[in-house]
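Read the structure below first, then the notes.
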Amino acid sequence: MSKSWGPTSPAGRTVLITGASSGLGEACALHLARTGFHALAGVRRPEDGERLRVAATGRLTSVIIDVTDEKSVQAALQKVTELTGGTGLWGLVNNAGIAVTAPLECVPMELLHRQFDVNVIGHLQVVQGFLPLLRAGAGRIVNISSGVGNVALPYLGAYAAAQFAKEALSDTLRRELVPQRIPVVVIQPGAVLTPLWDKMSDEGNRALNSVPKPVQELYRHSFQQFMKDNETSARTSRTTPDDVARVVFRALIAKRPKTRYTVGRDATGARVLARLLPDRAIDRILGGIVTPAR
Ligand code: NDP
């Protein structure tokens, strides 16, 4: 096996994780620091970085990065270049993300832009910025996508569109970077209870309330039931942020990482469904989500 597929030891290797202030990113940053990497926790607020530094066992340094802000990405690049000296970066975990939830008829364009700015354009902006450091470190890219990157659920159209785009960017990057020996890995978690869910619910209700009343009434009952069921599936999910962090660790130390890892039975199920079933069959399975107005 060629050396450029990477050694299995995290010692002396540096990994940047975006969106590390909470949820999956926080779990990844703490886990990677605990297991011997130098974890660079990408956050937008210094106080989040300080909290993580105190919580970490092992080496963790915070880096301010807003993935949608070119200046912020450039400043982060400069800081990471200084921190890594000439050794480059071993891993870039693109985790920062938001999830817009609302019937597509109700999604304000401003929210749709934000969804793509963070999960798609911001993601690629960070990849472009950090590729020279990844080349220098014979490193790899780990993209946190979602089970929703396989099947576009009702009321998650904006998020699914962004996650499908992230999947496409990942596939293209993986193919383009083969000659440079930079592996690109996709992680698809299923539902995991994180602060994402409360944010989704608040914003989803605001989106629904932003359209004329008769339109609201077409969706209200069905959408609210969906949000309730969604929350229940997150609350009862057996998948934890640490499960995702462990898979990210595996992808980072594997000599030859898989192209995709699913985390959780729901994510694996979504992947299998999307690959095996025709559209109409999937429509029937998901049909129960959308109920007529009351
Ligand atoms: P959280 O809301 O807990 O975390 C999202 C993170 O993204 C936060 O650290 C947030 O920072 C950061 N972020 C948001 N906007 C930006 C930005 N412009 N620049 C930099 N960072 C930003 O959600 P999760 O941990 O659940 O989600 C993390 C990723 O996992 C997302 O990409 C999501 O799509 C994916 N995912 C989550 C699942 C789940 O069930 N939770 C399932 C499948 C995938 P800040 O605090 O500053 O806003």
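Treat the numbers as computed from the prediction; the structure is a model and nothing was measured. One-based numbering, in listed order, for ligands and for the atoms of each.
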Any idea which part of [X] is under 4.0 Å from ligand 1, heavy-atom wise: side chain, backbone, both or neither?
{"X": "Q188", "result": "neither"}
{"X": "A99", "result": "neither"}
{"X": "N95", "result": "both"}
{"X": "I65", "result": "backbone"}
{"X": "R45", "result": "side chain"}
{"X": "P241", "result": "neither"}
{"X": "L196", "result": "both"}

Subset of ligand 1 atoms that lie under 4.0 Å from at least one heavy atom of [X]:
{"X": "A20", "value": "9 (O)"}
{"X": "A191", "value": "40 (O)"}
{"X": "K199", "value": "1 (P), 2 (O)"}
{"X": "W197", "value": "39 (C), 40 (O), 41 (N)"}
{"X": "G19", "value": "6 (C), 7 (O), 8 (C), 9 (O), 12 (C)"}
{"X": "G23", "value": "3 (O), 25 (O)"}
{"X": "P195", "value": "3 (O)"}
{"X": "T68", "value": "18 (N)"}

In Å, rounded to the nearest 0.5 Å, how long is the span from [atom1] of [X] to [atom2] of [Y]?
{"X": "N230", "Y": "L156", "atom1": "CG", "atom2": "CG", "answer": "6.0 Å"}
{"X": "I98", "Y": "F116", "atom1": "CD1", "atom2": "CZ", "answer": "10.5 Å"}
{"X": "F130", "Y": "L89", "atom1": "CZ", "atom2": "CG", "answer": "7.0 Å"}

Who's the nearest protein heavy-atom neighbour of [atom], and how far?
{"atom": "atom 36 (N) of ligand 1", "result": "Y159 OH, 3.6 Å"}
{"atom": "atom 19 (N) of ligand 1", "result": "V67 N, 2.9 Å"}
{"atom": "atom 1 (P) of ligand 1", "result": "S22 OG, 3.5 Å"}
{"atom": "atom 24 (P) of ligand 1", "result": "T194 OG1, 3.5 Å"}
{"atom": "atom 13 (N) of ligand 1", "result": "A96 CB, 4.1 Å"}
{"atom": "atom 37 (C) of ligand 1", "result": "L24 CD1, 3.7 Å"}
{"atom": "atom 10 (C) of ligand 1", "result": "S21 OG, 3.9 Å"}
{"atom": "atom 47 (O) of ligand 1", "result": "R44 NE, 2.9 Å"}

[X] N/O to ligand 1 N/O under 3.5 Å:
{"X": "D66", "answer": "yes"}
{"X": "K166", "answer": "no"}
{"X": "G25", "answer": "no"}

Nearest candidate to atom 39 (C) of ligand 1, where distance is taken over non-hydrogen atoms, out of V192, N94, I144, V126
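Considering heavy atoms of V192, N94, I144, V126, the nearest to atom 39 (C) of ligand 1 sits in V192.
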Report the member of G97, P189, S145, G190 with the shortest heavy-atom distance to atom 7 (O) of ligand 1.
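When every heavy atom of G97, P189, S145, G190 is considered, G97 comes closest to atom 7 (O) of ligand 1.
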When you group the ILVMFWY residues by side-chain heavy-atom contacts below 4.5 Å and let the links chain together, are [Y] and [X] in the same group?
{"X": "L30", "Y": "W90", "answer": "no"}
{"X": "L52", "Y": "V63", "answer": "no"}
{"X": "L24", "Y": "L196", "answer": "no"}

So for Q163, does at least one of its heavy atoms come nearer than 4.0 angstrom to any atom of ligand 1?
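So Q163 counts as touching ligand 1.
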Take H123 and N143, measure what side chain to side chain donor-acceptor pair (under 3.5 Å) needs, and give me the verdict at the end.
CA-CA 9 Å; H123 158 234; N143 289 332; 3.1 Å; yes
Answer yes when [X] and [Y] have at least one side-chain N-carboxylate O distance shorter than 4.0 Å, and no when they do not.
{"X": "E82", "Y": "K79", "answer": "no"}
{"X": "D117", "Y": "R114", "answer": "no"}
{"X": "K228", "Y": "E231", "answer": "no"}
{"X": "D171", "Y": "K166", "answer": "no"}
{"X": "E203", "Y": "K199", "answer": "no"}

Can you confirm whether the side chains of T240 and D243 place a donor and an acceptor under 3.5 Å from each other?
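Yes, because at least one side-chain N or O of T240 sits under 3.5 Å from a partner of the opposite role on D243.
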Without hydrogens or angle criteria, can the side chains of Q163 and Q188 be said to hold a donor-acceptor pair below 3.5 Å?
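Note: Q163 and Q188 side chains miss the donor-acceptor criterion.
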Side-chain heavy atoms of [X] within contact of [Y], under 4.5 Å:
{"X": "T291", "Y": "H221", "result": "yes"}
{"X": "S146", "Y": "Y159", "result": "yes"}
{"X": "P257", "Y": "R140", "result": "yes"}

